[in-house]
**Student:** 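Here it is, the structure in full.
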Protein chains: 2
Amino acid sequence: MESYVKPQHEARAKIIKAMAHPSRLFIIEELSKHERCVGELTEMIGSDASTVSKHLSVLKNAGLVTDEKRGNSIYYSLRVPCIMQFMGCVEDVLSANAKQHNAILKCCKG
Amino acid sequence: MESYVKPQHEARAKIIKAMAHPSRLFIIEELSKHERCVGELTEMIGSDASTVSKHLSVLKNAGLVTDEKRGNSIYYSLRVPCIMQFMGCVEDVLSANAKQHNAILKCCKG
DNA sequence: TGGCTATTTGGCTAAATGACCAAATAGCAT
DNA sequence: ATGCTATTTGGTCATTTAGCCAAATAGCCA
């Protein structure tokens with residue numbers, strides 16, 4: 001009966017889980033503009049290089065980004081551009097939340 | 001400089017994190033068809049009712065679902081339908097992964 | 001009131017995650 | 001070969017997550 005849930009939702013959840021981190025979302029958004037090497041992303045994010053590297057490997061394992069070694073550096077790019085379209089929907093949720101939050105404040109503070 | 005990352009990506013990550021679980025994805029998909037009460041979802045998922053209840057509260061806190069008490073039950077429904085459009089993109093990633101996986105198998109097994 | 005049914009909350013435990021540092025690896029340049 | 005730069009890997013630790021069970025809460029009905 002849990003055949004409803006697995007394995008399709010498990011596979012999807014892995015992809016979505018890989019996106020579910022602020023730094024990884026930043027990376028996705030940045031790569032949607034143009035490819036970047038690890039050093040550039042590290043500087044922008046401000047965490048340890050090893051941390052950023054691990055984030056990239058999470059994204060790569062999920063199939064969200066690809067990497068290509070060129071010269072001394074490894075350049076990452078976004079593999080599936082449609083991901084960025086989703087951000088609009090996420091923003092919708094956020095603004096709906098904000099609206100509701102304001103409504104509650106207004107009603108209770110009078 | 002990490003103003004690049006926070007707080008916008010933090011807010012988005014919370015939303016996406018709430019989606020990043022097989023059972024919660026199932027719930028989202030199910031609620032996109034029609035509202036459901038906890039008992040129905042519990043039966044479909046096959047976990048403990050308390051577990052499902054907690055999943056629902058994660059989704060509710062993220063602003064992804066709303067609940068409405070009617071009679072003896074609490075009915076949940078999807079608050080932001082655009083979420084389901086994203087699943088198509090997730091499927092794209094999965095099939096791209098599968099294609100690549102097959103290509104690797106083919107090349108190395110001969 | 002007392003007994004249902006439906007749902008949530010608290011407590012606990014095992015597992016996963018994310019951060020840092022230190023060390024390893026890979027490639028280019030001298 | 002040596003050193004330099006870029007990136008990854010391994011180890012450790014604190015935090016979060018997800019599951020179950022037991023108990024609490026809320027609403028309906030007799």
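Keep in mind that what you see is a predicted model, and the values were worked out from it rather than measured.
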**Student:** Check side-chain hydrogen bond (donor to acceptor under 3.5 Å, both in side chains) between S50(B) and all other residues, then give those that pass, not counting sequence neighbours.
**Tutor:**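 In terms of side-chain hydrogen bond (donor to acceptor under 3.5 Å, both in side chains), with neighbours along the sequence ignored, S50(B) is linked to D48(B).
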**Student:** Whether H21(A) contacts dA19(C) is assessed here as follows: a side-chain N or O lying under 4.0 Å from the phosphate OP1 or OP2. Is that the case?
**Tutor:**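 For H21(A), the contact criterion (side-chain N or O under 4.0 Å from OP1 or OP2 of dA19(C)) is met.
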**Student:** Which atom pair, heavy atoms only, marks the closest approach of V93(A) to G63(B)?
**Tutor:**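 Heavy-atom minimum between the residues: CG1-O, 3.9 Å.
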**Student:** For E43(B) and dT5(C), give me the distance from atom CD to atom P, rounded to whole Å.
**Tutor:**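 Roughly 15 Å, once rounded to whole Å.
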**Student:** Tell me the interatomic distance from I16(B), atom CD1, to dT17(C), atom C1', rounded to whole angstroms.
**Tutor:**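 Going from I16(B) (CD1) to dT17(C) (C1'), I get 17 Å.
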**Student:** In this structure, how many angstroms lie between the C1' atom of dA16(C) and the CD atom of E10(A), rounded?
**Tutor:**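 Atom-to-atom, E10(A) to dA16(C), this comes out as 14 Å.
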**Student:** Starting at CD1 of I45(A) and ending at P of dT7(D), how long is that distance when rounded to a whole Å?
**Tutor:**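 Result: 13 Å.
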**Student:** Who are the side-chain hydrogen bond (donor to acceptor under 3.5 Å, both in side chains) partners of N97(A), not counting sequence neighbours?
**Tutor:**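 Result, side-chain hydrogen bond (donor to acceptor under 3.5 Å, both in side chains) vs N97(A): R79(B).
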**Student:** Measure NZ/K17(B) against P/dT15(D) and give the value in whole Å, please.
**Tutor:**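 K17(B) atom NZ is separated from dT15(D) atom P by 14 Å.
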**Student:** Between R24(B) (CZ) and dT17(D) (C1'), how many Å, whole number?
**Tutor:**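 In whole Å, dT17(D) C1' lies 9 Å from R24(B) CZ.
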**Student:** Give a yes or no on whether the backbone of E40(A) and the side-chain of E43(A) come within a donor-acceptor separation of less than 3.5 Å.
**Tutor:**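 Such a contact is absent between E43(A) side chain and E40(A) backbone.
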**Student:** Is there any ring pair (Phe, Tyr, Trp, His ring centres under 6.0 Å) pair reaching into residues 39-92 of chain B, and which pairs are they, with sequence neighbours excluded?
**Tutor:**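 Checked against ring pair (Phe, Tyr, Trp, His ring centres under 6.0 Å) - neighbours excluded - the pairs reaching residues 39-92 of chain B are F86(A)-F86(B), H21(B)-H55(B).
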**Student:** I'd like to check the salt bridge (Lys or Arg N to Asp or Glu O under 4.0 Å) partners of K60(B); sequence neighbours left out, ordered by chain and number.
**Tutor:**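 Salt bridge (Lys or Arg N to Asp or Glu O under 4.0 Å) check on K60(B) returns D67(B).
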**Student:** Please enumerate all residues that pass side-chain hydrogen bond (donor to acceptor under 3.5 Å, both in side chains) together with Q85(B), with sequence neighbours excluded.
**Tutor:**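 Not a single residue meets the side-chain hydrogen bond (donor to acceptor under 3.5 Å, both in side chains) criterion with Q85(B).
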**Student:** Mark yes or no for a side-chain to base donor-acceptor pair under 3.5 Å between S50(B) and dC21(D), with no hydrogen or angle criteria applied.
**Tutor:**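 Between dC21(D) and S50(B), which were checked side chain against base, a qualifying N/O pair under 3.5 Å is present.
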**Student:** When you measure from every atom of DNA chain C, which of residues 51-64 of chain A have a heavy atom less than 4.0 Å away?
**Tutor:**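 Residues of residues 51-64 of chain A that come under 4.0 Å of DNA chain C are, in numerical order, T51(A), K54(A), H55(A).
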**Student:** According to salt bridge (Lys or Arg N to Asp or Glu O under 4.0 Å), who are the partners of R12(B), at least two apart in sequence or on a separate chain?
**Tutor:**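 Listed in chain order: E29(A), E91(A).
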**Student:** Can you measure I27(B) atom CD1 to dA18(D) atom P for me and round it to whole angstrom units?
**Tutor:**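 Atom-to-atom, I27(B) to dA18(D), this comes out as 11 Å.
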**Student:** If you assign S73(B) and D48(A) each to the DNA chain C nucleotide with the nearest heavy atom, which residue ends up on the more 5' nucleotide?
**Tutor:**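 In this pair, the answer is S73(B).
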**Student:** Ignoring backbone atoms, test whether Y76(B) places a side-chain nitrogen or oxygen under 4.0 Å from the OP1 or OP2 oxygen of dT8(C).
**Tutor:**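 Checking dT8(C) against Y76(B), a side-chain N or O does come within under 4.0 Å of OP1 or OP2.
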**Student:** With the sugar-phosphate defined as primed atoms, P, OP1 and OP2, and the base as all remaining atoms, what B/S/- string results for nucleotides 24-30 of chain D, 5' to 3', for protein heavy atoms under 4.0 Å?
**Tutor:** --SB---
**Student:** Quickly work out the D67(B) CG to dT7(C) P distance and round it to whole Å.
**Tutor:**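 Computing the D67(B):CG to dT7(C):P distance gives 11 Å.
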**Student:** Can you list every pair that meets salt bridge (charged side-chain N to carboxylate O under 4.0 Å, His left out) and has a residue in residues 18-27 of chain B, with sequence neighbours left out?
**Tutor:**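 Qualifying pairs, neighbours excluded: none.
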